[in-house]
Every structure is written in C-alpha cells, then in structure tokens.
Amino acid sequence: MKKVMIGNHAVSQGVKLARAEVISAYPITPQTQIVEALSEMCASGELPARFIKVESEHSAMAACVGASAAGARAFTATSSQGLALMHEMLHWASAARHPIVMADVNRALGPGWNIWTDQTDTLAQRDTGWIQLYCENNQEVIDTTIMAFKIAERLDLPVMLVLDAFYLSHTSEPVDIPEQELVDGFLPKRQARYKLDINEPHAFGALVRPDDFMEMRQGLHKAIREAASVYLEVEAEWAALTGRSYGLIAPYRMEDAELVLVTSGTISSTARYVIDQRRAAGEKVGLLKIKMFRPFPTDVLRSALRGIPRVGVIDRNMSPGGMGGIFAEELRSALYDLPDEERPALFGYVVGLGGRDVTPATISEIIDHTQAEAQAEQTDLWVGVKA
C-alpha cells in the first residue's frame, strides 16, 4: 500500500509493523510526532504495546534498557539535547548488549538554541557502541526501521536510525508500506537469549573486576565489527521481499569518475541532481553516499575510492578542534595507508550547520573548488559562511 507521509510517521509505521512491545517516550522537537503517532496507535489498540511516558530522555533510555532486559522489543526516539542527555544510558544499552532501536531526528546542539538539522548530535555519540544508519528519504526510513530490529536482535546490539530534521521529518513523500504479514515473516517475535527470569537468573550491569572487563569490551567491539556483514544479509532478505536495498554505501555514476563527492542523508539527493548536470556537460564526476557510519565501512569505501584522483567529503557536522567534518576525519583514516598513487586527494567541506540550506549552487561551488586545487589548503573548508 502506498501512502503519502512525513518521515516521522514513516518511523512510526515501521515501529508498528515491527510489533514493538515497549515504547518509551519523551517529546522533543523535531521527533515528537514519532512518539505522538505511536501513542495514538497504543491508545486505540492498533499496536498492543506498553507505552511509557517518562520524565526525561535519560529515563526514556533507562526504560528501554529495563524492557529489553526483560526480553521485550523496545523502541524510543529523540533529537539533539535529548540524545546528549541519554549519553550515559547509551553506554549501558550497548555494553549490556540490549537490541534496542532508537530513531534520532538530527537537530543541531545548542547554544545558540536551534531546532534545525545537522548531524553533530548523533556523530558525537559515535563511541557509545551503537550501530548508526543514515537515511536519505522517507521510503528508506520505514525500511531501515524494520530492518534495524532484525539487525539489533541478530547481534544483541542497539541500532540508531538517523534522519534529517524537517527535510525528512516534516516533509511528505510517497511511501510503500509493506503488509503486516510480510513483515511478520521477515521479523518474528523476539526470542531473547538472555533475559530477567526468576527460573534462570542472569545479572545485567553487575560489578566487573579488571581481570574480566577488557574481554567484555573486546566482545562488544567484535560484535559491532560484524554489523556490516549482518546488515548486508538482512538487507538481502528484505530486498528479496520488497525489491528495495540501500547498501552500506551507494555509488552513483562512478564508472569513470575523476572526482567523487561523498555524502550522507538528504544532501545526497541534491548532490545527485548536480552530478547529473555536470555529467551532461561532459565532466567525469560521481557520488558516493554513506549509509552506515558505525561500524565505519572502511573496506568497501577503500575499494570504491581507490585510485580516484579527487574526493570531496560534504559534512553537515563538525568536531570542534578536530580536522573539520567527522565523515571526512573517518575517511582520511580509512584511506591513510593506501599507496600514494592510489590515495585520493581529499577535500573536507563543512556545510549546512543549524539547518542552513545546501543548494545545488552550494554543491557546484564544492565541485569547482575540488577541481581547481591539487590539494586541500586546509582540512576544514567551510562553505556558505558569511564574510
């Protein structure tokens, strides 16, 4: 069934189809509509889940941790300052191996107070042990929501799906909603390997001495490293049912490219439009969209970008005091030990912070600059900043 819906409601529909059993909710713009729609589904009986209204985002994640420990399929959503307030509990969720799914609608962190999009809120949580998946459109949002539960439960790891504030969250697009029967076959009821059970006791979050702690962290690290292959397996199953897949990365018109833009989220759509214009003018330019940020898909990125003369990374985020955009930092590390003749000249561009528009003209300016220079004059190239 096709329906025109906003991105926030695409998340809500995905959670309903996944038959989440516990939903914890604390409202924050611009994600509020996600949990608002889910509250209505729970109240009407359309979704027979326990809906918990909590007093903060920290409590929202704590409730999910408790529900997951009891064997339930748990979900929550947040944005910006709300995600920052959850920071402590994000570590608890991942290290205790709880397969919680959370949607974050990217919103700038204050101050100054800003409700519009940039990715710094989620990327600031990159070391908390959560798988992170970035979406470009509302169809990708609903599909990723459903797949996220299966990935999480295969690995006993939490998954964060990410969508841009307002460009997706509040923008309506046609979405193909899969039938409940199809989703039930793809995603059966959760069967927790370990849960709170008086007949088979387990401890979650107990004191761990130094002679065991490193091994636990190594196990967490190994599980996250497996997420890329598990994602591809799960997506292949989903594609067989629906015909839709997205990949860890999505190359576009890269067959003979001499310059490649690397993007994520909705900027990818704008960049693809500009790439088509440049190709029509005879320029050998291409695009590479990154969907999975954690674990970072190093191997496939190295393969895709090996030998490309110039790469421009477009970041709607920043790491203060670092080397500019966070995707660019990660990509520099991934490409570092390629042979000199195969390692691209990498240009890192910071754009669109706090919801500033990234237009076709912005993308064209980035392409022009990347073509004109042999090497980047600095690691953080800011585009669209007022003089």
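Just so it is clear, the values below take in all heavy atoms, side chains as well, and ignore hydrogens, waters and symmetry mates.
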Minimum-distance pair of heavy atoms, taken over all atoms of C64 and S24
SG-OG, 3.2 Å
Has K150 got its NZ or CZ under 6.0 Å from the middle of the six-membered ring of F186, at an angle within 45 degrees of the ring axis?
yes
Indicate whether any N or O donor in one side chain lies under 3.5 Å from an N or O acceptor in the other, for S269 and T266.
no
Please answer whether the main-chain N or O of T122 pairs with a side-chain N or O of Q132 as donor and acceptor at a distance below 3.5 Å.
yes
Closest non-hydrogen atom pair, A271 against T263
CB-CG2, 4.1 Å
Verify salt bridge (Lys or Arg N to Asp or Glu O under 4.0 Å) between D184 and R19, making sure each step is shown before the conclusion.
CA-CA 8 Å; D184 288 344; R19 297 192 186 274; 2.9 Å; yes
Classify the side-chain pair E140/T144 by whether it contains a donor and acceptor separated by less than 3.5 Å.
no
R107 charged N/C atom sitting above W113 aromatic ring, 6.0 Å / 45°:
yes
Going by atom types only, do D118 and N106 share a side-chain donor-acceptor pair under 3.5 Å?
no
Side-chain H-bond candidate by donor/acceptor type, T78 with Q31, under 3.5 Å
no
Decide, yes or no, whether a salt bridge links E136 with K289 under the criterion of side-chain N to carboxylate O below 4.0 Å.
yes
Min side-chain heavy-atom separation V351-D315 under 4.5 Å
no
SB check K284 E255 (cutoff 4.0 Å):
no
Residues E153, R73: salt bridge by 4.0 Å N-O rule:
yes
Do D176 and R244 sit within salt-bridge range, that is, some charged N less than 4.0 Å from a carboxylate O?
yes
For T76 and A60, which heavy atoms make the closest approach, and how far apart are they?
OG1-CB, 3.9 Å
Classify the ring geometry between H369 and Y349 as parallel (under 30°), tilted (30 to 60°) or perpendicular (over 60°).
perpendicular
Does a side-chain N-to-carboxylate-O contact under 4.0 Å join R306 and E342?
yes
Any donor-acceptor pair under 3.5 Å from N8 side chain to L168 backbone:
no
Over 12 foreign heavy atoms within 6.0 Å of CD, E237
yes
Ignoring hydrogens and angles, tell me if any N or O in the side chain of R316 forms a donor-acceptor pair with the backbone of R356 under 3.5 Å.
yes
Answer yes if the side chains of Q371 and E283 hold a donor-acceptor pair under 3.5 Å, and no otherwise.
yes
When the ring centroid of H58 is compared with that of Y26, is the distance short of 6.0 Å?
no
Cluster question for you: counting only ILVMFWY and a side-chain heavy-atom cut-off of under 4.5 Å, with indirect links fine, are M61 and I52 together?
no
Of all the heavy-atom pairs spanning V350 and G324, show the shortest one and how long it is.
CG2-C, 4.1 Å
Would you call R209-D212 a salt bridge at under 4.0 Å N-O?
no
Is it the case that the side chains of H87 and Q125 hold a donor-acceptor pair, with the cut-off being a distance below 3.5 Å and no angle test?
yes
Would one find more than 12 heavy atoms of other residues, nucleotides or ligands at under 6.0 Å from atom CD of E377?
yes
Is it the case that the side chains of Y167 and D357 hold a donor-acceptor pair, with the cut-off being a distance below 3.5 Å and no angle test?
yes
Taking the inter-plane angle between the rings of F166 and W116 on a 0 to 90° scale, is it parallel (under 30°), tilted (30 to 60°) or perpendicular (over 60°)?
tilted
Check E46 with K16, please: is the shortest side-chain N to carboxylate O separation under 4.0 Å?
yes
Does the cation-pi check pass for K291 over Y246, that is, NZ or CZ under 6.0 Å from the six-membered ring centre and within 45° of its axis?
yes
How close do V11 and L161 get, heavy atom to heavy atom, and via which atoms?
CG2-CD1, 4.2 Å
Contact between E40 and S12 at the side-chain level, heavy atoms closer than 4.5 Å - yes or no?
no
So does Y194 have more than 12 non-hydrogen atoms from other groups sitting under 6.0 Å from OH?
no
Say whether, by atom type as modelled, one donor and one acceptor occur between the side chain of R225 and the main chain of L220 under 3.5 angstrom.
no
All heavy atoms of L83 vs all of D121, minimum pair found to be CD2-O, 3.3 Å
Other residues, nucleotides, ligands: >12 heavy atoms within 6.0 Å of R279 CZ:
yes
